[in-house]
Amino acid sequence: MPLSFDMTESTLISDTTRSRRSSRAFLWMVISVILMALAVPQWSEAARKKTSSKATATSAARKSSSSSKKRRSSSRKRSSGTSRTSSASKGANWALTASDVNPDSKSPEVKAKKSSKRQVTVVRPDLEAIRVATLDPANPMYFPKLMKKFNRNDTTMTADEFRHLYLGYMFQEDYDPYRESPYSSVTDSYRNKTSHTKEEIDTIRKYAELTLLDNPFDLRQMSFLVHVLKERRKDMSAKIWEYRLEHLLGAIKSTGTGENEENAWFVIYPAHEYDMVQLMGYHAVDADFIEPGYDYLMVEPEEETLRRLRDKVQKGFYFDVRQIHQQYELKHPEDADDMEESGAEDPDDIPAEEDPDDLPAEE
C-alpha cells in the first residue's frame, strides 16, 4: 500500500507541473499576439509613408521630364519660326537662290551650313563609262540600285553615286529631256507668293510630289516643295528633300566650272541651266547655242554676288548639251526625219517672191 500511495502522489505532482507549464506557454502566446496587434498599425503607417514618398518622387520626376520636353518643343518652334521668317523675307524669288544653296555665298545662313556640306570635287565626267555602269545590273552604279538608295534617303550615298544617278538618267529608257509632267503647271500660280495658306500648301505638296514621281530630277519642283514644307513646319520632310536637292546640284557642279567650253557644266535638262545660274547668284538675260552642242547663258549678277565678287563676276556660263541632243534624236527619230520625208525646204533657202511694184510696166 505505501508503494502504491507514493506512485499516485508522484503522478499528481507531474500533472500539476505540466499544467503550470502549459498555462505559462498560453500566457506568453496571448502576450505575443497582443504585442503584434499593437505593432501592425505602426508598420502599416511606416509602409504607407514610404510608398507615398516613392510616389511623390516619381511624380516629381515625371513633372520634371514633362517640363523639359515642353522647353525642347518650345525651342524647336522658335527655331522653326525664325527659319520660316528668314525664308519669307527673301521675297518671291525663293527658288534656288545663292543665299540658300550656293557653297560660295557669304551669307551667315550658308556659313553655318558649310561645316555639314560635302566638298564638291570637279572632275570632267566620262559619259560612256557612266552609261555602261548604270546599265549593268552587276555594277554597284546600276541605275535602279542608285535610285532605290536615293528614294529611301540613304545618307551614305557618295558624291560619285550622285553623279552616276544624275548623269546616268540620260541613258534610261524613260528619259526625255523635253518631256514635261502634266502636274507641274498646277503649282505655277502659287510661285510668286511669299506665303501660303494651309490649303495652298497641301495642294502644292500634292502636285509637286506627283511631278517628282513622274520626273525625279525636277529641281524647281523640289526646291518649291522644300520651301512650302518649311513654311508648314514639316521640318523632317523638308530636310529630306533639301538633302536630295543639294546633292543633285552638287553633282552638276562637280562636272565643271562653267567658265568655258572645255569646263562646261553637264546637265540632263535645259531648265537645269537656269537653276545653276541662280545657284551661283546670277540671273540669265540671254542665251546662245554654240556648235557642236553648247549652250551659253549670258548673265547679270545679283546684288549680293556683285558685292562679293566685284570685278570677278562672270558674264556668262557654258553648258554641255551634246548628250541631251543625242538622246532626244534617239528617242524621237521621227522629228529628225520629218524635214527630209516631207521634202520641205528650209524657209531661208526659198527665194523671195517678186514684188509686183518692182516689175517693169507693160507697154
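One hydrophobic cluster, built from ILVMFWY side chains closer than 4.5 Å, cannot hold both Y166 and V132; they sit in different ones. A single hydrophobic cluster is not seen to contain both Y207 and L225; linkage of ILVMFWY side chains at heavy-atom distances under 4.5 Å, directly or through other members, places them apart. L245 and M157 end up in the same hydrophobic cluster when Ile, Leu, Val, Met, Phe, Trp and Tyr side chains are linked at under 4.5 Å. A continuous path of ILVMFWY side-chain contacts below 4.5 Å connects M141 to L127, so both sit in one hydrophobic cluster. Under a hydrophobic-cluster definition in which Ile, Leu, Val, Met, Phe, Trp and Tyr are linked whenever side-chain heavy atoms come within less than 4.5 Å, directly or via other members, Y243 and V228 are assigned to the same cluster.
For the pair L248 and M222, the minimum side-chain heavy-atom distance is below 4.5 Å. Residues D176 and Q327 form no side-chain contact, since every pair of their non-hydrogen atoms from C-beta on lies 4.5 Å or further apart. With a 4.5 Å cut-off on side-chain heavy atoms, L249 and K253 do not count as touching. Using a 4.5 Å cut-off on side-chain heavy atoms (C-beta onward), Y175 and K331 make contact. The side-chain heavy atoms of H283 and V299, taken from C-beta on, include no pair separated by under 4.5 Å. Using a 4.5 Å heavy-atom cutoff, the side chains of L135 and F143 are not in contact. Side chains of L219 and I252 form a contact here, defined as non-hydrogen atoms less than 4.5 Å apart. You'll find the side chain of E200 reaches within 4.5 Å of the side chain of K193, heavy atoms only.
Using cut-offs of 30° and 60° for the angle between ring planes, the Y178 and Y328 rings count as perpendicular. Taking the six-membered ring where the residue is Trp, F289 and H325 present tilted rings, their angle falling between 30° and 60°. Between Y269 and H272, the ring planes are perpendicular. Angles over 60° get that label, and only those under 30° would be called parallel. The aromatic rings of W265 and F319 are tilted relative to each other, their planes meeting at an angle between 30° and 60°. Relative ring orientation between F317 and Y282 is described as perpendicular, the plane-to-plane angle rising above 60° on a 0-90° scale split at 30° and 60°.
Checked options K206, H227, E231; the residue passing with I201 is E231 (criterion: side chain to side chain contact (heavy atoms under 4.5 Å, CB included)).
For K145, the NZ atom is densely surrounded, since the number of other residues' heavy atoms within 6.0 Å is greater than 12. Counted within 6.0 Å of CD on E303, heavy atoms from surrounding residues, nucleotides or ligands total 12 or fewer; the atom is thus considered open. Sparse packing is recorded around CZ of R310, with 12 or fewer heavy atoms of other residues, nucleotides or ligands lying under 6.0 Å away. A 6.0 Å sphere centred on CD of Q172 holds more than 12 heavy atoms belonging to other residues, nucleotides or ligands.
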Stepwise ring pair (Phe, Tyr, Trp, His ring centres under 6.0 Å) test for Y318 and Y294:
CA-CA 7 Å; Y318 292 83; Y294 296 93; 7.4 Å; no

- Apply the test side chain to side chain contact (heavy atoms under 4.5 Å, CB included) to residues N151 and M147: give CA-CA distance (whole Å), side-chain angles for both, the deciding distance (0.1 Å), then the verdict. CA-CA 6 Å; N151 286 331; M147 200 68 209; 3.8 Å; yes

For this session: Starting from the C-alpha separation in whole Å, work towards a yes-or-no answer on side chain to side chain contact (heavy atoms under 4.5 Å, CB included) for V123 and T121.
Result: CA-CA 6 Å; V123 179; T121 302; 4.1 Å; yes

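Across all their heavy atoms, D295 and E273 have their closest contact at OD2-OE2, 2.6 Å. In terms of heavy atoms, D214 sits closest to P182 at OD2-CD, 3.9 Å. In this structure, L297 and A284 approach most closely via the heavy-atom pair CD2-CB, 4.0 Å. Here the closest heavy-atom approach between residue I324 and residue P177 is recorded as CG2-CB, 3.6 Å. P333 and L330 get closest at one heavy-atom pair: CD-O, 3.6 Å. In this structure, E128 and R131 approach most closely via the heavy-atom pair OE2-NH2, 2.7 Å.
Between T255 and R163, the side chains place no donor N or O within less than 3.5 Å of an acceptor N or O (distance only, hydrogens not considered). Counting only N and O atoms by type, the side chains of N153 and R244 include a donor and acceptor under 3.5 Å apart. Under 3.5 Å, the side chains of T158 and D160 contain no donor-acceptor pair of N or O atoms.
Checking side-chain atoms of S254 against main-chain N and O of A251 turns up a donor-acceptor pair under 3.5 Å. Under the 3.5 Å distance criterion, the side-chain polar atoms of Q323 are left unmatched by any main-chain donor or acceptor of M170. Using a distance-only test at 3.5 Å, with no hydrogens or angles considered, no donor-acceptor pair links the side chain of N263 to the main chain of E259.
Taking CG from L309 and CD from Q314, the interatomic distance works out to 8.5 Å, rounded to the nearest 0.5 Å. Considering CG of L167 and CD1 of I130, their distance stands at 4.5 Å, rounded to 0.5 Å. To the nearest 0.5 Å, the span separating CZ on F162 from NZ on K149 amounts to 9.0 Å. Atom CG of residue L212 and atom OH of residue Y183 lie 12.5 Å apart, to the nearest 0.5 angstrom. Y190 OH to T197 OG1: the interatomic distance, rounded to the nearest 0.5 Å, is 7.5 Å. Atoms CZ and CG, from R179 and N215 in turn, are 6.0 Å apart once rounded to the nearest 0.5 Å.
In this view, H164 satisfies the ring-ring contact (aromatic ring centres under 6.0 Å, His included) rule with no residue, not counting sequence neighbours.
A salt bridge is absent between D202 and R205; no separation between the charged side-chain nitrogens and carboxylate oxygens falls under 4.0 Å. A salt bridge does not link E242 with K239: every distance from a Lys NZ or Arg NE/NH1/NH2 to an Asp or Glu carboxylate oxygen is 4.0 Å or more. A salt bridge links R220 with D275: the distance from a Lys NZ or Arg NE/NH1/NH2 to an Asp or Glu carboxylate oxygen falls below 4.0 Å. Salt bridge R124/E262: absent, no basic N to carboxylate O contact under 4.0 Å. In summary, K148 and D154 do not engage in a salt bridge, as defined by a charged side-chain N under 4.0 Å from a carboxylate O.
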